[in-house]
Amino acid sequence: MKPAKKILISFLVIISLCIGISKALAQDGSFTASAEPSRIAAGEQFQLTFTFDGSDYNSVRDFKAPDFGQFVVISGPNQATKMQWVNGRMSASISYTFLLYARQPGKMTIGSASVEYKGKTLKSSPIPIEVTQGKPKQQQAQANQPSADVGDNLVIKASADKQRVKQGEQLTVTFKLYTRVSVTGYDLAKAPTFDGFWSEDFEMPKQPVQTTEMLNGKQYRSIVIKKTALFATQAGNLKIAPLEARCAVQVQSKRRTNDPFDQFFNDPFFQQVQTVNMDIKSNPLTISVDPIPASAPSGFAGAIGRFAFNANVDTRNVKAGDPITLRISVLGSGNIKLVTLPKPQLPADIESYEPKISEEISRDGGIIRGKKIAEYLLIPRNAGQRILDPMQFVYFDLEKGEYITLRSSKFEFSIAPGKDYSSSGISLAAKEDVRMLGEDIRFLKLSIGHWQRADEMKSSWWFTFTLILPPMLFAGAWFYRKRKEKIYGDMPRLLFETAGREASRRLKKARALLEQGNTEQYHAEILRALLVYLEHKLRIPKSKFVLEEAVGSLRQKGIHEEVIQSLKTCMERAEFVRYAPGSDTANARKELLDIAASAINRIEQSYGKRGKP
C-alpha cells in the first residue's frame, strides 16, 4: 500500500473517531441557550430559554441562572420537561424559560447558565442581544393610550374563595379579566408572587369560557386567566402581589386637529379601528392565616390536610441476601408536596439503600390531591426471625381540628439461610430470638459409662480426624467470608446473582394478578420482570437499556437463538397488549406467562453450564 494511501486512511479513521466521540458526548447530555427574538427594541419583551438534552433527565441538578445585567426579569424560570421514544431509545429535554426586557439600547450579552449532570457541570454559551432605540416614553404612552373610556372598561380582578384560613389549609385565588371593549389577546406580563405560600396552578383551557357578569353596577364580559391553589406555610397576614397583564385592545382612532374637515371625519361613520397595547394589573389581596395548635405530637413534620398512610412489603419469607421491597405511601388532600414520609427503623443486620421517592398531584374538582411514595430496597444479611416495628405518620386534620397519628402494621420476617445469607458466614441472633430451651437442672447420671485407655484413643482414626477438623473448618470459613465480602462489595455482581430469583418472584406475582382478572397489571408485571432480569443479568444500567442491544449481548454470550426470540416476542407482546387491552385471549395470557418463565429458566441454565461471566 502506498504511503499516501495509508495517510489518507489514517486521516479518515481519526475523523470517524472524532465524530463518534462527539456524538457520544452529545448523547450523554448537552445544555444550550436560545433567545427569541435576539434583536429587540428597548422596553420590548423577549423570551430566553435554556435547554438540557440527554437520556437521563433525573440526573439533572442545581440549575443556576446567569447574571442578566441590564435586563429586567418579568417571569421565570418556568420549567418544562419533554420525553420521547425513538427506535426503543428514550430521549428527554428540560427547558428553563425566562421572560425579559431591556431598559436601555445597546449590544449586550447574557452570560452562561449551568446545571449539574452526573457529577459534571454543563454550561450554556453566552447569548448576544441587540437592543435598539425604542420610542420615547411619552410618545409610546400616547401611541398606546386608548380612549379615556377604556380605563374603566378593562379590569383584572383577583378574588379568593376564603379570606381567613388555617396554616396549611387550601384557598383558591382566581384572576378574572373583565372587559367592555374588544380584546384580541393578552399576555401575562408579570406573574403574582405568593410569599409565604406553597402554590399549585390549575391548567387553563386553550379556549377560555366567556361569561357575562355584573361588576360595580356595570355589565362585563369575563374570562378566567389564572387560577391557583395556595397553602400557607406560615401564620400572619400574608399579601398576594398583583398580577400584571398586557392586553391588545381595539379602539377607534380620532383626528386631533383644528381642521374642520378633520372634525367632519371624526364622525363615527368615518372612524378607523386600531389595536393598541394596554398594561393593567389586578388588585392586591391580604389573607389572614391562623396558626395550627402548637402542641404537636412527636413525629409531626408539617403535613396538614386529610391523609391516609400505608406501608407494605412484597414478601416476608426470604433467604438471607435476597432483596425485600418496602413501600411507604401517603395519599390524600392537602399540602402533599410538603409531606415528609417517615423512615423505617431497621434491625442492625438489615441493610437499606436510599429510597426512590415519587409523587403524583391531581387538581380535579378544584381540590389539590395526590400521593407520595417511597420505595426502600432492604437486604437481610443473617438468617433468623426479624421484626420491623410499626411506623407512624402524624398530620393535622383541618376538619377535626386536631392532630391525627396513623400507624402501619408490624412486619415479621422469616429469613432462611441461603448461599447468600451472610457476608461473614456467622448468624447473629437478635435479643428476641433468645429463649430458654430446657430446664436448668439436669437428671443425675446413675451409670459410669464406657471407659477407654488414653493410648488406645490416640491411635483411633476419629481422634486424628477431630484434631484436623478445626483447622479445616477455620480455613473454609475464612475463604467463604472472603468470597462473600467480594460479592457484597460489588453490587452489580449481587444483582447478577439474584436476577433469576427476583424474576421468578415477579412472575409469581403476575400469575396472582392473572387469577384476579387484572390483565393490565398482569402484562405490566411480566414486562417489568423481563426488563429488570435483563438489566441485572447483562449489567446494563436502566437509563441505557435498549432491547436490541440486550438481544445482541445475549447472542454474544452464546444464548440459543430460539430462547432469544422467545424472550423478545414475549416482551413485545406484553407491551402491546398492555396498551391495547382486549386484544388477546385467556389462553394467550397463560401462554405468555409460560413463555416468559421458560425463557428465563433456559438462560439461567445456560449461565450455569458456562459459569458466571
Side-chain angles (χ1 to χ4, degrees), residues 165-170 198 200 229 231-235 289-318 322-362 367-382 384-415 428-434:
V165 294
K166 277 190 174 293
Q167 181 180 339
E169 181 180 357
Q170 178 181 335
W198 165 58
E200 193 72 30
F231 298 84
T233 58
Q234 62 190 52
V289 181
D290 298 327
I292 59 177
S295 56
S298 175
F300 178 68
I304 302 174
R306 196 159 199 181
F307 301 100
F309 173 60
N310 184 40
N312 56 68
V313 293
D314 58 346
T315 182
R316 302 193 186 200
N317 299 304
V318 295
D322 286 353
I324 301 172
T325 301
L326 171 63
R327 193 170 185 264
I328 303 171
S329 62
V330 170
L331 66 155
S333 59
N335 57 350
I336 190 69
K337 278 194 174 180
L338 305 181
V339 167
T340 300
L341 296 173
K343 295 183 178 180
Q345 298 297 321
L346 301 172
D349 59 348
I350 294 183
E351 292 187 16
S352 171
Y353 295 89
E354 283 298 318
K356 176 185 176 184
I357 306 294
S358 60
E359 59 185 26
E360 298 177 10
I361 302 296
S362 169
I367 303 296
I368 301 299
R369 299 182 180 86
K371 61 181 177 181
K372 181 174 283 190
I373 302 171
E375 287 190 358
Y376 288 83
L377 179 64
L378 311 180
I379 297 182
R381 294 305 187 194
N382 300 309
Q385 299 295 320
R386 298 293 181 270
I387 294 178
L388 179 58
D389 293 329
M391 292 166 284
Q392 69 176 22
F393 173 72
V394 182
Y395 73 95
F396 182 77
D397 194 310
L398 291 167
E399 294 184 8
K400 297 180 180 179
E402 60 183 12
Y403 291 95
I404 303 295
T405 301
L406 303 176
R407 290 181 174 82
S408 67
S409 57
K410 179 174 67 174
F411 298 109
E412 297 183 2
F413 300 106
S414 179
I415 305 168
L428 301 176
K431 290 182 179 179
E432 59 270 17
D433 296 327
V434 179

Is the backbone of Met391 close enough, under 3.5 Å, to the side chain of Ser408 for a donor and an acceptor to pair up by distance?
yes
Do the side chains of Ile373 and Ile357 get nearer than 4.5 Å, heavy atoms only?
no
How long is the span from the NZ atom in Lys343 to the CG atom in Leu341, to the nearest 0.5 Å?
10.5 Å
Backbone N or O of Lys337 within a donor-acceptor pair of the Lys372 side chain at under 3.5 Å?
yes
Smallest separation among heavy atoms of Phe411 and Leu326, with atom names:
CE1-CD1, 4.3 Å
Heavy atoms, side chains only, cut-off 4.5 Å: are Gln385 and Phe413 in contact?
no
Closest non-hydrogen atom pair, Val289 against Gln234:
CG1-O, 3.3 Å
Distance from Gln167 atom CD to Leu398 atom CG, nearest 0.5 Å?
10.0 Å
I want to know whether Tyr403 and Phe300 have ring centres closer than 6.0 Å.
yes
For Gln345, look at atom CD and say whether over 12 heavy atoms of other residues, nucleotides or ligands are found less than 6.0 Å away.
no
Indicate yes or no for a side-chain donor-acceptor contact from Gln170 to the backbone of Ile368 under 3.5 Å, with no hydrogens or angles considered.
yes
Testing the basics here: between Gly302 and Asn335, what is the closest heavy-atom pair and its distance to 0.1 Å?
O-ND2, 3.1 Å
For Lys166 and Pro291, the nearest pair of non-hydrogen atoms, with its separation, is NZ-O, 4.0 Å
Which heavy atom in Pro297 sits nearest to a heavy atom in Val394, and how many Å separate them?
CG-CG1, 3.5 Å
So, taking the atom named CD1 in Ile350 and the one named CD1 in Ile387, what distance separates them when rounded to the nearest 0.5 Å?
10.5 Å
Could you grab the distance from atom CD1 of Ile415 to atom CD1 of Ile379, nearest 0.5 Å is fine?
11.5 Å
Separation between OH (Tyr376) and CD1 (Ile328), nearest 0.5 Å, reads 5.0 Å
All heavy atoms of Phe396 vs all of Pro293, minimum pair found to be CE1-CD, 3.4 Å
Scan side-chain atoms only and decide if Glu375 and Thr325 contain a donor-acceptor pair under the 3.5 Å cut-off.
no
Under a 3.5 Å distance rule, please check whether Asp389 uses its side chain to pair with a backbone N or O of Leu346 as donor and acceptor.
no
Side-chain touch Ser333/Arg369, heavy atoms, less than 4.5 angstrom
yes
Going by ring-ring contact (aromatic ring centres under 6.0 Å, His included), name the residues that satisfy it together with Phe309, two or more places apart in sequence or in a different chain.
Phe393
Is any side-chain heavy atom of Leu388 less than 4.5 Å from a side-chain heavy atom of Arg386?
no
Could you work out, with salt bridge (charged side-chain N to carboxylate O under 4.0 Å, His left out) as the rule, every residue matching Glu351, not counting sequence neighbours?
Arg381
With salt bridge (charged side-chain N to carboxylate O under 4.0 Å, His left out) as the rule and sequence neighbours excluded, what pairs involving residues 294-315 come up?
Arg306-Asp397, Arg306-Glu399, Asp314-Arg505
Keeping the roles fixed (side chain from Gln392, backbone from Ser298), state whether a donor-acceptor pair exists under 3.5 Å.
yes
Roughly how far apart are Asp322 CG and Asn317 CG, rounded to 0.5 Å?
11.5 Å
Just one of Ile404, Leu331, Val330 clears the side-chain contact (heavy atoms from CB on, under 4.5 Å) bar with Phe307, so which one?
Val330
